[in-house]
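Structure first, commentary second.
Each chain gets a letter, A, B and so on, in the order the sequences are listed, and its residues count up from 1. Given the structure is predicted, the values throughout are model-derived calculations rather than measurements.
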Amino acid sequence: MAQFNEAGEYLTRQQAGAAPVASQGRDRLRANLRTVLTYVILTIFLLVAIGPLLIIALAAFKTSDEIAGNIFGLPAVWSLANFAEAWSQARFDAYFRSSVIVVVPVVIVSCFLSILTGFAFGQMRFAGSAVLFPLFLIGIMVPGEAVIIPIYYNLRQMNLIDTYWAMILPDIAFSVSFGTLWMRGFFSTVPRELVDAATVDGSTSWQTLWRILVPNAIPAVLTMGILFFIWTWNDFLLPLVVVSRDDLRTLPLGLTFFQGRYSSDLPLLAAGATMVALPTIVVYVLMQRHFIRGLTSGAVK
Amino acid sequence: MASSRLRLVPSGGRPGERPGLAYLYILPGFLIYALFVLAPIAQTVGYSFSDWNGISPPEFIGFENYARLAQDPLVRIALRNNLTLLGFYTVFPIALALLFTALLTRRRIRGLSFFRAGLFVPQVMSMVVVGVVWRWIYNPTFGPLNQLLRAVGLEEWAKPWLGDFQFALPAVGMVGTWVGYGFAMVLFIAGVQRLDEDLYDAAKLDGAGEFEQFKSITLPGLRPEITIALVTTLIAALRTFDLVFILTDGGPANRTLVVALQIYRNAFSIGEVGYASAIAVVLAAIILVVSFSIITLRMRAVAES
């Protein structure tokens with residue numbers, strides 16, 4: 001902002017001979033109008049972006065009649081009845097359990113493995129790293145649709161269809177691909193002297209990694225963990241293909257089948273959709289600071 | 001030979017570091033990655049040369065699946081629909097965000113993190129939830145969209161959006177626009193604030209108007225961000241599955257059929273595993289070629305400047 005003002009003054013001094021004094025005031029007015037316009041447009045776009053979610057979250061508290069009457073209106077009574085019904089009768093308790101059972105190990109194991117691979121690629125020199133690293137990148141670019149067919153048949157051969165493993169293992173594999181790139185980017189910015197000093201002090205590479213490097217990488221690791229959480233929580237194609245037992249279904253999959261059966265029961269559907277969306281949004285909003293700090297720390301390089 | 005390699009690549013690179021240690025760090029991650037990503041890529045290619053229903057032994061048939069998909073009207077319809085969606089997933093959000101950037105103040109925006117958080121919400125939401133919400137918004141009888149149209153006296157405009165032969169695909173596409181525009185906007189807002197304000201002052205001194213300033217300073221300055229937005233949204237448009245599966249499942253009468261849905265149906269509904277793999281290979285190839293071309297063009301432009 002300061003830079004803008006300074007530049008503005010510089011400009012008017014330069015133009016002092018040519019431009020009348022009035023133009024300075026006009027420029028300022030124009031800049032102010034522009035600022036107002038910016039906020040107005042931003043607000044409109046913001047409302048359009050979160051509006052549908054607000055409406056569905058609001059609908060989750062209302063009765064069918066209230067939804068039919070006025071979509072934007074507040075419920076007469078703020079009741080959690082729809083959530084309770086979705087939870088116990090529409091089996092969202094089971095879907096929620098499945099989602100947690102899948103997401104927690106995927107996030108923890110993927111972060112752990114990515115720290116190890118990222119450390120090796122970012123801090124060590126070894127034969128074949130120029131070949132191995134691009135191999136890891138393939139997973140970022142290849143769409144899931146291109147590998148889902150063999151994944152299904154391989155899992156069937158391993159007798160893992162209709163188990164949590166069928167969702168956990170492939171999700172870890174895809175996460176590690178991105179995580180390797182991410183953590184390598186972070187670890188390669190750490191000065192080698194820092195690591196060398198630790199080595200001289202008799203610290204093994206394992207101790208250096210966990211006592212010196214990882215504590216400094218917390219924002220980057222958190223950001224990565226949030227991304228893994230959001231991707232795995234929202235994953236759809238994999239559970240759709242490898243799981244057919246209703247009690248194993250994750251939340252997005254459960255919501256899909258629920259919609260197929262009860263598409264007219266709007267309050268219940270709204271409660272279910274809110275339950276699926278809320279965890280990712282809460283985590284994202286709470287961790288936004290880390291998210292941005294992590295992204296910028298990765299971009300410094 | 002062996003000794004020269006030893007000299008070229010110092011083991012571990014540090015005193016006290018055991019040779020080969022790096023491989024131990026990589027091994028666990030690589031194993032699971034190779035098993036569930038690398039091997040399946042090769043297998044998909046392998047399946048694509050066979051006639052296989054997933055149960056009886058596969059039969060090698062060379063390029064027959066590829067010859068077949070070149071003739072398949074359903075694949076053609078799906079590809080055309082993906083191309084149309086590209087307009088909605090890629091062109092609209094980027095154009096909208098650029099338009100906004102042109103109008104935007106270049107001053108620091110107060111509360112930017114608040115706006116950014118909100119604009120990003122569609123990005124972190126499950127596509128299933130997005131689909132459920134928009135199916136309701138588009139619902140012919142009690143959907144908010146038709147209610148709104150009736151309320152403002154545009155009753156003849158109200159229609160069963162997702163069931164309409166003409167409007168189903170644009171209706172799906174608009175959801176894609178809704179998902180993507182916040183992402184592009186946040187990207188460009190951050191990009192503009194990185195640009196040097198002196199450039200604009202110099203242009204103003206030269207008598208350049210608003211549009212010229214945008215064309216000669218903002219647009220070139222935003223190239224890295226535009227590249228990211230292009231690649232990300234193009235990939236999203238080409239591989240879209242969840243959203244279409246929930247919103248229309250390809251209907252009505254294949255009006256919203258997309259390539260990923262064709263893969264899923266062939267592989268898991270009608271047991272044409274070999275054929276589905278061939279389509280998957282083609283889709284992956286298209287995505288890789290498109291992304292690489294954009295990135296290469298961009299790098300070449302950087303190298304030239």
Side-chain angles (χ1 to χ4, degrees), chain A residues 1 3-4 7 11 34-35 37-38 41-42 45-46 49-50 52-53 56 68 71 113 116-117 119-120 124-127 132 136 139 141-143 145-147 149-151 169-170 172-174 176-177 180 196 199 205 230 234 236-237 241 252 255-256 259 269 273 276-277 280-281 284-285 288, chain B residues 9-10 12-14 16-17 21-22 25-26 28-29 32-33 36-37 40-41 43-44 47 100 103-105 107-109 113 115 117-119 121-122 124-129 132-133 137 142 144 182 185 197-198 201 204 239 241-242 246 260 263 267-268 273 276-277 280 283-284 287-288 291:
Chain A
M1 197 142 164
Q3 188 194 2
F4 184 89
L11 177 80
R34 202 170 192 176
T35 309
L37 185 70
T38 300
I41 300 178
L42 264 181
F45 277 116
L46 179 73
I50 60 172
L53 184 75
I56 203 92
I71 313 151
L113 294 178
L116 298 190
T117 54
F119 175 57
M124 293 176 166
R125 282 198 219 114
F126 56 98
L132 277 172
F136 272 98
M141 288 180 279
V142 165
E145 288 80 3
V147 287
I149 301 169
I151 284 179
L169 294 173
I172 292 177
F174 268 102
V176 164
S177 165
T180 302
D196 286 336
T199 312
S205 66
I230 292 173
N234 292 342
F236 180 67
L237 181 64
V241 168
L255 181 63
T256 310
Q259 170 177 261
L269 195 59
V276 181
T280 55
I281 291 172
Y284 166 68
V285 170
Q288 218 217 350
Chain B
V9 187
R14 286 207 189 83
E17 207 171 78
L21 197 63
Y25 279 99
I26 291 171
I32 193 163
Y33 172 68
F36 289 97
V37 178
I41 292 173
Q43 285 176 288
T44 304
Y47 292 174
F100 170 71
L103 299 170
L104 172 85
T105 177
R107 292 192 202 183
R108 219 169 61 83
I109 295 169
S113 67
F115 286 109
L119 287 167
V121 160
V124 297
M125 263 165 82
S126 148
M127 278 303 127
V128 175
V129 175
V132 166
V133 172
I137 292 176
F142 50 78
M185 254 167 106
E197 192 60 35
D198 291 346
D201 293 332
K204 264 183 249 167
R239 62 178 290 194
F241 175 79
D242 313 9
I246 307 294
I263 298 171
F268 300 109
V273 180
S277 303
L283 178 66
I287 288 176
L288 290 184
S291 332

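In this structure the side chain of B:Leu21 reaches within 4.5 angstrom of the side chain of A:Ser205, judged on heavy atoms. In this structure, B:Phe36 and A:Val147 have side chains that are not in contact, with every pair of non-hydrogen atoms separated by 4.5 Å or more.
When heavy atoms are compared at a cutoff of 4.5 Å, B:Ile26 approaches chain A by way of both its backbone and its side chain. Residue B:Met185 touches chain A through its side chain alone, counting heavy-atom pairs closer than 4.5 Å. Of the atoms belonging to A:Leu169, heavy atoms from both backbone and side chain fall under 4.5 Å from chain B. Contacts between A:Gln259 and chain B at a heavy-atom distance below 4.5 Å involve the side chain alone, from C-beta outward. Both the backbone and the side chain of B:Phe115 come within less than 4.5 Å of a heavy atom of chain A. Both the backbone and the side chain of B:Ile246 come within contact range of chain A, with heavy atoms under 4.5 Å apart. With a 4.5 Å cut-off on non-hydrogen atoms, B:Thr44 touches chain A through its backbone and its side chain both. For B:Ile32, the parts lying under 4.5 angstrom from a heavy atom of chain A are both the backbone and the side chain.
Between the side chain of A:Asn234 and the backbone N or O of B:Val124, at least one donor-acceptor pair lies under 3.5 Å.
In terms of non-hydrogen atom pairs under 4.5 Å with chain B, the most contact-rich of A:Ile149, A:Ile281, A:Val176 is A:Ile149. If you tally non-hydrogen atom pairs under 4.5 Å between each of A:Ala120, A:Pro143, A:Ala146 and chain B, the highest count goes to A:Pro143. Annotation: maximal heavy-atom pairing with chain B below 4.5 Å, among A:Val241, A:Leu132, A:Thr280, A:Ile172, occurs at A:Val241. Chain B forms the most heavy-atom pairs under 4.5 Å with one residue out of A:Leu237, A:Ile151, A:Leu46, A:Ile41, and that residue is A:Leu46. Here B:Phe268 is the residue among B:Phe268, B:Phe142, B:Phe241 with the most heavy-atom pairs under 4.5 Å with chain A.
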Check your understanding: Can you list the steps and then say if A:Val142 with B:Val37 is a side chain to side chain contact (heavy atoms under 4.5 Å, CB included)?
Key -> CA-CA 9 Å; A:Val142 165; B:Val37 178; 5.7 Å; no
Point to revise | Pair B:Tyr33-A:Thr180, side chain to side chain donor-acceptor pair (under 3.5 Å): steps then yes or no | key: CA-CA 11 Å; B:Tyr33 172 68; A:Thr180 302; over 6 Å; no
Practice item. Take B:Leu103 and A:Leu37 through the test side chain to side chain contact (heavy atoms under 4.5 Å, CB included) and record every step on the way to the result. Key: CA-CA 8 Å; B:Leu103 299 170; A:Leu37 185 70; 4.3 Å; yes
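Scanning all heavy atoms of the two residues, the minimum distance from A:Pro252 to B:Val128 falls at O-CG1, 3.4 Å. What you find for B:Pro40 and A:Pro150 is that their closest heavy atoms are O-CG, 3.2 Å. Among all heavy-atom pairs drawn from A:Glu145 and B:Arg239, the shortest one is OE2-O, 3.2 Å. Nearest heavy-atom pair, A:Leu53 versus B:Met125, reported as atom, atom and distance to 0.1 Å: CD1-CE, 3.6 Å. Residues B:Gly29 and A:Leu113 share a closest heavy-atom pair of N-CD2, 4.0 Å. Considering all non-hydrogen atoms of both residues, B:Asp242 and A:Phe236 come closest at OD2-CB, 3.4 Å.
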